[in-house]
Amino acid sequence: MIRLERNHLRWAAAAVGLVIVGAGIGFGISSLNSDGAQSTGASSGEREVLYWYDPMVPDQKFDRPGKSPFMDMDLVPRYADEASETGTGVRIDPALVQSLGARFATVRRGTLEGEVAATAVVEFNDRDVAIVQARASGFVERVYDRAPGDVIRAGAPLADLLVPEWGGAQIEYLAVRRTADAPLIAAARQRLILLGMPESLVSTVERTGRPRTTVTVSSPIGGAVQTLGVRRGMSVAAGTTLAEVNGLSTVWLNAAIPEAMAGSLRIGRSVEVTLAAFPGERMTGRLIALLPAVAEDSRTLTARIEMANRGGRLRPGMYGQIVFGGGSDATLLVPSEAVIRTGQRTLVMLALAGGRYQPAEVRVGREAGGQTQILAGLNEGERVVASGQFLLDSEASLSGVEARSLDQARGGSRPAAPEAAVHQANGRVQAIGNGTITLAHGPVPALQWPAMTMTFQTSGTVDPNLSVGDRVNFTFDMAGGEPTVRSLTRQGAAR
C-alpha cells in the first residue's frame with residue numbers, strides 16, 4: 001500500500017515537470033517569434049543608416065547621430081537606399097536643399113549686354129607729335145611767353161633766332177637776281193633753301209630786296225607744349241631741339257583688358273566710353289590696337305582706343321570706363337555664380353527630376369553682367385543650381401556620381417520638363433514674403449518629410465486676406481527642385 005502511494009507521487013511529480021518544461025519551451029518559442037516579428041518590422045519600417053555627416057564638411061563621417069563638431073547643427077544621416085536608388089545623379093533630401101538656401105536657374109539663350117568692360121585712362125596721341133629744331137647755328141634773340149603744359153595754336157611763335165651765316169648767302173642771292181640769268185638765279189635760290197631758310201623767309205628777302213638774318217621759329221601744329229628747351233641769349237647748333245608739341249585733335253584711351261577676353265576683340269570695332277569728368281555723357285571711340293605685351297602681375301593687355309577731341313575737352317590723365325558693344329549672336333547663358341571652376345575643369349550642378357542632382361562639365365566663354373556664356377556642355381532649358389552648388393557637388397562626389405561629359409551633353413537634346421508629383425499637406429502660416437510663404441506643416445509621407453517649418457515658392461498671388469497664424473490646407477510640387485505651392489485654402493482665423 002505504501003509502495004503504491006510512492007509510485008503515484010513519482011508519476012505526479014514527473015507530470016508537473018513536463019508541464020513546466022512545455023510552458024518554458026512555449027514561452028521561448030513565443031518570445032522568439034515576437035522578437036523576430038519586431039526585428040522584421042524594424043527592418044521594414046526603418047531605413048538603414050550607413051553613417052552620419054555634416055553637410056558643410058561632407059568628407060567627415062560619424063558612426064552615430066549628434067551635433068556637428070564643425071557647425072551648430074545636427075548631423076545628417078546617409079541612408080543605404082540612397083546609394084542604391086535608380087536614376088541619374090544623386091538624390092538629396094529636399095529639406096536639406098531648402099536649409100542650404102539653394103537657388104536655381106534655367107539655361108537660356110540670349111546675348112551679353114556688353115562683352116568686355118574695363119577702366120581706361122586718357123593719354124596723348126603719340127602719333128600726333130611735332131619736334132621743333134633749329135635749322136642752322138645761331139643765337140636766341142627772343143623767347144615768347146611759353147612754358148611746358150601750355151596749349152598753343154598752330155603757327156604760334158616760340159623764339160626768334162639770329163643766324164649770321166645766312167646774311168652773306170642772302171646778299172649773294174640778291175646780286176645774282178640783278179643779272180637776270182634765270183638758271184643762275186634758280187641755283188642761288190636753291191642754295192638758300194639748303195642752308196635751312198624757310199620758304200617764307202626767302203620770299204620776304206625777294207620782296208624787300210634786303211637780307212634778313214633773324215627768323216621766328218613757330219609751332220607747326222596746335223597742341224600742348226611737352227618740352228621747351230630754349231632761353232633768351234643761349235646759342236644753338238643746327239639740329240638742336242627747341243620744343244616738343246603734342247597734338248590734341250585726337251587722344252588715346254589705354255584700357256587694361258583681361259587676357260582671357262583678348263580673343264573676342266577685333267581691331268576697328270566701336271567702343272562706348274564714359275568719363276568721370278562728364279557724368280551721364282556717352283562718347284564713342286574706335287579700337288585701333290591691342291599692344292603685344294601682357295602685364296605679368298595682372299595678366300592684362302592694353303587696348304588702345306582712339307577718340308576725336310572736339311573742343312579739346314578730353315585731357316590726358318582723365319579716368320573713364322569703356323564697354324565694347326555686345327555680340328549680336330544669341331548664345332547659351334547661365335548665371336556666373338552657377339559655374340564651379342576646379343582648376344582642372346569647369347562644372348555646373350544640374351537639377352534633375354525627382355530631387356536628383358548631377359555635375360556636368362561645361363566649356364565657358366565670355367562673362368558680363370553676371371552672366372557667363374556656355375560654349376558646350378549644356379542644353380537650352382536645363383536647370384542648374386545657382387547657389388549652394390558647392391555643397392551639392394561635394395555630396396555628389398561622396399556618392400561617386402560621375403560628371404556628365406561634354407560629349408554626353410552634345411548628344412542630348414533639350415529635356416522635356418517632367419511632370420512633378422503634387423503633394424497635399426496642412427499647416428500654419430509663419431510668414432508671407434514676396435513670392436514666398438513660410439509654413440509650419442505636418443509630415444509628408446510621400447517625400448519622407450517629418451513635420452517641420454520651411455519656405456515655399458508661390459506660383460501665384462497669395463490671398464490678401466491670409467495672415468500669419470492662419471491654418472491652411474495646401475498642395476505643392478517639387479518642380480525644378482524647389483517646393484512650390486500650387487493651391488492654398490484657408491481653414492480659419494488664427495486662434
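Worth saying up front: this structure is predicted, and the values here are computed from it rather than measured.
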(message) Can you give me the closest heavy-atom contact between Trp52 and Asp63, atom names plus distance?
(response) CZ3-O, 3.5 Å
(request) With rounding to the nearest 0.5 Å, note down the distance linking CG in Asn473 to OG in Ser487. (result) 9.0 Å
(request) Working to the nearest 0.5 Å, report the span between CH2 of Trp252 and CG of Asp126. (result) 4.5 Å
(request) For the pair Arg146 and Leu158, evaluate side-chain contact (heavy atoms from CB on, under 4.5 Å) and give the outcome as yes or no after the intermediate values. (result) CA-CA 7 Å; Arg146 310 295 182 200; Leu158 299 175; 4.2 Å; yes
For residues 276-296, which side-chain donor-acceptor pairs fall under 3.5 Å, sequence neighbours excluded?
{"from": "Glu281", "atom 1": "OE2", "to": "Arg313", "atom 2": "NH2", "distance (Å)": "2.6"}
{"from": "Arg282", "atom 1": "NH1", "to": "Glu272", "atom 2": "OE2", "distance (Å)": "2.5"}

(request) Would you check if Val429 and Thr438 make a side-chain contact, meaning some heavy-atom pair closer than 4.5 Å? (result) no
(request) Check whether any side-chain heavy atom of Val129 lies under 4.5 Å from a side-chain heavy atom of Ile221, and answer yes or no. (result) no
(message) Using the rule given for side-chain contact (heavy atoms from CB on, under 4.5 Å), can you reason through Val273 versus Leu253, listing the C-alpha separation, both sets of side-chain angles and the distance that settles it, and then say yes or no?
(response) CA-CA 9 Å; Val273 181; Leu253 274 81; 3.5 Å; yes
(request) Give the minimum heavy-atom separation between Gly155 and Ser218, together with the two atoms involved. (result) O-CB, 3.6 Å
(request) For Ala351 and Val385, work out which heavy atoms get closest and say how close. (result) CB-CG2, 4.5 Å
(message) Looking at every heavy atom in both Ser336 and Thr372, which two are closest together, and how far apart are they?
(response) OG-OG1, 2.8 Å
(message) Quiz question: by atom type and distance under 3.5 Å, do the side chains of Thr302 and Asn254 form a donor-acceptor pair?
(response) no
(request) Supply the atom-to-atom distance Glu244 CD to Ser219 OG, rounded to the nearest 0.5 angstrom. (result) 11.0 Å
(message) I'd like to know if the side chain of Thr331 pairs up with that of Gln373 as donor and acceptor (distance under 3.5 Å, no hydrogens or angles considered).
(response) yes
(request) Flag the pair Val107 / Val384 as yes when at least one side-chain heavy-atom distance between them is below 4.5 Å, and no otherwise. (result) yes
(message) Between Gln226 and Val245, is the side-chain contact (heavy atoms from CB on, under 4.5 Å) condition met? List the steps.
(response) CA-CA 5 Å; Gln226 294 292 83; Val245 181; over 6 Å; no
(message) Please enumerate all residues that pass salt bridge (Lys or Arg N to Asp or Glu O under 4.0 Å) together with Arg109, with sequence neighbours excluded.
(response) Glu380
(message) Using a 6.0 Å cut-off, check whether atom CZ of Arg315 has over 12 heavy atoms from anything other than its own residue.
(response) no
(request) Measure across Pro316 and Leu248 and return the closest heavy-atom pair with its distance rounded to 0.1 Å. (result) CD-CD2, 4.5 Å
(request) With rounding to the nearest 0.5 Å, note down the distance linking OG1 in Thr475 to CG in Leu488. (result) 8.5 Å
(message) Just so I know, are the side chains of Leu375 and Val362 near enough to count as touching, which here means a heavy-atom distance under 4.5 Å?
(response) no
(message) Once salt bridge (Lys or Arg N to Asp or Glu O under 4.0 Å) is applied, do any residues pair with Arg299, and if so which ones, sequence neighbours excluded?
(response) Glu259
(request) Could you walk me through whether Leu378 and Leu350 pass side-chain contact (heavy atoms from CB on, under 4.5 Å), step by step? (result) CA-CA 9 Å; Leu378 290 177; Leu350 290 174; 3.7 Å; yes
(request) Give a yes or no answer on whether the side chain of Thr241 reaches the backbone of Ala243 with a donor-acceptor pair at less than 3.5 Å. (result) no
(message) Strictly below 4.0 Å, N to O, side chains only: are Arg428 and Asp470 in salt-bridge contact?
(response) no
(request) Not counting sequence neighbours, which residues clear side chain to side chain contact (heavy atoms under 4.5 Å, CB included) with Val121? List them please. (result) Glu123
(message) Can you confirm whether the side chains of Thr455 and Thr436 place a donor and an acceptor under 3.5 Å from each other?
(response) no
(message) So Val339 and Thr346, do their side chains get closer than 4.5 Å, heavy atoms only?
(response) yes
(request) List for me each residue that meets side chain to side chain donor-acceptor pair (under 3.5 Å) alongside Thr489, sequence neighbours excluded, and say none if there are none. (result) none
(request) Please round to the nearest 0.5 Å and tell me the distance separating atom NE2 of His441 and atom CD of Gln430. (result) 10.5 Å
(request) Indicate the atoms forming the closest heavy-atom contact of Ala154 with Pro220, along with that distance. (result) CB-O, 4.0 Å
(request) Go through the structure and list residues passing ring-ring contact (aromatic ring centres under 6.0 Å, His included) with Phe124, not counting sequence neighbours. (result) none
(message) Please check this pair: side chain of Thr300 against backbone of Ile257, looking for a donor-acceptor N/O pair closer than 3.5 Å.
(response) no
(request) Go through Asn125 and Thr250 one step at a time and tell me if the side-chain hydrogen bond (donor to acceptor under 3.5 Å, both in side chains) criterion holds. (result) CA-CA 6 Å; Asn125 184 347; Thr250 59; 2.7 Å; yes
(message) How long is the straight-line distance from CD1 of Ile267 back to CZ of Arg304, given to the nearest 0.5 Å?
(response) 10.5 Å
(request) Would you indicate whether the side-chain heavy atoms of Thr119 and Tyr319 approach each other to under 4.5 Å? (result) yes
(request) Classify the angle between the aromatic ring planes of Phe476 and His423 as parallel (below 30°), tilted (30 to 60°) or perpendicular (above 60°). (result) tilted
